[in-house]
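These notes are about the structure you will find just below.
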Amino acid sequence: MSFLPERARVRRPAHRRRHLDNGLTVLIVEDQRLPAISLTLLVPAGGGADPTGQAGTASLVAGLLDKGSRRRDADSLAVAIDDLGASYSARAGRDSMAISLAGLSEDFMDLLALLGEITLESSFPATEFHLLRQRRLHALTRAMDQAATVADWTFSRGLYGEHPYGPPLSGTAASISALTETVPAAWHEQQFTPARSCLAIAGAVPAEQALKAAADIFERWQGTPPPRASHPDPAPAERRILLVDRPDSPQAQIRWGHLGISRGDPRHDAAELVNDVLGGGGFSSRLMQTIRSEKGLTYGIHSGFAARLHAGPFRVSTFTPTASVGEVLRDIDDLVGAFRADGPTATELDDARRRLVGGYPLQFETATQVAGQLLEIELYGLPEDTVESYQDRILAVDTKQAADLAHDLLHPEAALAVVVGDLNGMGSAAADWGNTETVDIGLLFEVGT
Amino acid sequence: MPTENSPAAGRPATPFTLDARQETLANGLRILLLEDHGAPVVSYQVHFAAGSRNERPGITGISHLFEHMMFKGTPDCGPEEFARLMQAEGGQVNAFTTEDSTCYYENLPAHGLELAIRMEADRQAHLLLTEENLGSEREVVRNERLLRTVNTPYGEARELLMSLAFPRHPYGWPVVGWDSDLVAMSLADCQTYFSTYYAPNNATVVVAGDMDPEETLAMITAAYDSLRPGPPPPPVVTREEPQRGERRGEFRKRVEAAAVMAAFHVPELTHPDTVPLLVLAALLTDGHSARFHRHFVKSGRAGSVSASVGSSFLNTDPSIFRLDAVANPGESAADLETQLWAELDRLQENGVGADEVRRAVRQIRADLVLQARTQFYRGLLAGLYQVRAGDCHFTNHLDEAMLAVTPQDLDRVARTYLVRSNRTVVTLIPEKS
């Protein structure tokens, strides 16, 4: 796109940013279009901060935050949230935890007070701990029915092993069972600190009022952030394939990939551009064109670099009838291999630049989306001008740079593949892969089936 | 003095009101314009009044398969070029098929609107249907069916539930269709479908967002004016007879947890009982304070439970109130079902509380405002309700009716519809290898 229409240029999003004395960053994105408000507290600790052998701790903490505070029990808290008609969620990611409340802006003060109560005064009652842990154990067993989940988890475990990005975020049956009542409160006490956390308020509240209210409620929050644990990237592995048997399943889930780059890597945005040509650009990507549009072997195929604090995975995800597994695996190898060798054509690169640059304004349609972009900058310590420089940076990537990136970042020779499906019906689909291992699903989830 | 519904009473009368300008071209194409300059973004949508309810046995799933064929090109635009060109404008391109309608949409930067209008009109007028395209897309759709239905724990049991609840009406088969019908479908079937349902007089165009209504109207008129109207599509005449007695089914599958699914017949979306039924569903399972959530999920008695009315955005014809519950691993569907009916009995005997109703209404209304922040969602509200209810402002009507709902309304609909003789039940039974 040689010319970017003025209307499509994304500028620095209008917002207010303030550090409270305790170190908490407060972001305000005022938007008076509709009487709605959304609040998000982002704490820079997630599953990656689960103690060794205690996978699932952060996820359990997220589930327990609203299950009782110093002021009231879980049922009263639930009624208080629902009285406002609010949407509540608390989710642990690998690098962070996001606690959100959204509702009508007339309830702003009540919503903010509730968010403060849930995040700062959570009491982690033992009864709630045992109830939730039991539910999580049941959910883990039910997750074994979801082939896509099994494939995702097998891939992470295979790629990362004992690195904190290895186990499922929700833990395994063994790791959750081993947790004791005091673990969540202790993790919360240690990891929930204001210094690197960020509160975003987006919606129909005057910025000054929002800043003052945020300070009133969150300034009492104290604590020193724990030292950041260092986790060396897993050692480069040999090319191999992991097979998980699901007898009678007519369709197999496939994952293919290797270690990628971190969110903070200066090549991140250009890598996303290059990946857009290969498998990120929906119907326009090479993987989609060949494997779906021409051959009809799948309904969807996608590739991408995960944005994480440490090097995240580069991963291709798809699914296909059992009988086509071998062909799809070969196609992925061939397509990624050819792309690594030659990079994108000038036309492909131009299309991808236009997709990303032209589509960028869509990511800023609502105040909540704007706040999400700003939170990402905070979490990963990205340059302040990340948003307003994005379109120019993408437009500046030329075919030489793109080809170099494809060559540097794609590694078919070190790929890990995972297939979850009916191994009997697959025949010799994995024959090309010398290094083959069959994974027992019960061992993966540590449920002892 | 503040009234009960005024903001001063803590409840805004109209947190979100949809206001669409309505136009109709000479060929019958309906146009809905929702101007909003909050962000340089526009959603362009074409809604056809055609979905699985317009199908018949032998060609079930043709609406959805046809949705895929719409991306396969015209004389001016090669296969998949539609998506490629729209994406190159920064647009998000997709489509979805439901029981009652099919929607094609582009969410894009405002400067891409003209291209979207021209290309949508082009494929509606000049779609190329070839054996080769049908062959590959048929396999893509069969793969989609495997993904969403067969290779999931609950998909096939859900299909059984609907086929038992609707032995006559097309809501009895899945939108994706039966696999045998997908295999048998011919190019001639697709051509007939296209000429029957894709005429301009069976379509509604929606433009929501950053655009000038006069300019947009002129662009749409220029692009669509030459399309010739078709005869009105045949009406869907089949009706279910009132159900007189419980119907039951059982589905056995290699799964880790049993499940219970129930469908109770309820009226079409324009019926006055729809709103109390919607509030009742929310009161039972939406939010952590909802009574079924507390009783079944939080307590650990079940893995999950959810209640819903019809499909998203409701249904044109009489539909169902659904209850879905998943048991804990190792526990029986029969035990869970007994508990479900006991709780439903308790609800019918004791009635609902005014505070529960107030919370459920507030949740639904707040959720509407939160969703309506995107142009895409506003466009869907206008377009889907235009096709399904014959009223693009139907969401405003739902919102008003929501404010007037009383606990007595909920008690009445619970006692009228959620009764044994009106229910169909399917249990999913785990089968071990």
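Every chain is numbered from 1 and lettered A, B, ... according to where its sequence line falls, protein lines coming before strand lines.
A donor-acceptor contact under 3.5 angstrom links the side chains of H37(B) and E35(B), judged on distance only. In this model, no donor atom of one side chain and acceptor atom of the other lie less than 3.5 Å apart for Q251(A) and Q253(A).
Using a 4.5 Å cut-off between heavy atoms, Q146(A) touches chain B through its side chain atoms alone. Contacts of R135(A) with chain B are made by side-chain atoms alone, with heavy-atom separations under 4.5 Å and no backbone atom involved. There is no contact between D31(A) and chain B, counting heavy-atom distances below 4.5 Å. Only the side chain of D248(A) comes within contact range of chain B, with heavy atoms under 4.5 Å apart. Heavy atoms closer than 4.5 Å to chain B are found nowhere in L77(A), neither backbone nor side chain. Of the atoms belonging to T298(A), it is backbone heavy atoms, and not side-chain ones, that fall under 4.5 Å from chain B. If you measure heavy-atom distances from A102(A) to chain B, the contacts under 4.5 Å come from both the backbone and the side chain.
Heavy-atom pairs under 4.5 Å with chain A were tallied for A366(B), A282(B), A360(B); the largest tally goes to A366(B). Comparing L85(B), D210(B), N133(B) by how many heavy-atom pairs each has under 4.5 Å with chain A, the most go to D210(B). When the candidates I81(A), I37(A), L356(A), L84(A) are compared by the number of heavy-atom contacts under 4.5 Å with chain B, L84(A) comes out ahead. The choice from R138(B), R142(B), Q375(B), E137(B) that makes the most heavy-atom pairs within less than 4.5 Å of chain A is Q375(B). In terms of non-hydrogen atom pairs under 4.5 Å with chain B, the most contact-rich of L132(A), L131(A), T320(A) is L131(A).
Ring geometry, F283(A) versus F71(B): the interplanar angle falls under 30°, so the pair is classed parallel (tilted spans 30 to 60°). The aromatic rings of H288(B) and H293(B) lie parallel to each other, their planes meeting at an angle below 30°, with 60° marking the opposite boundary.
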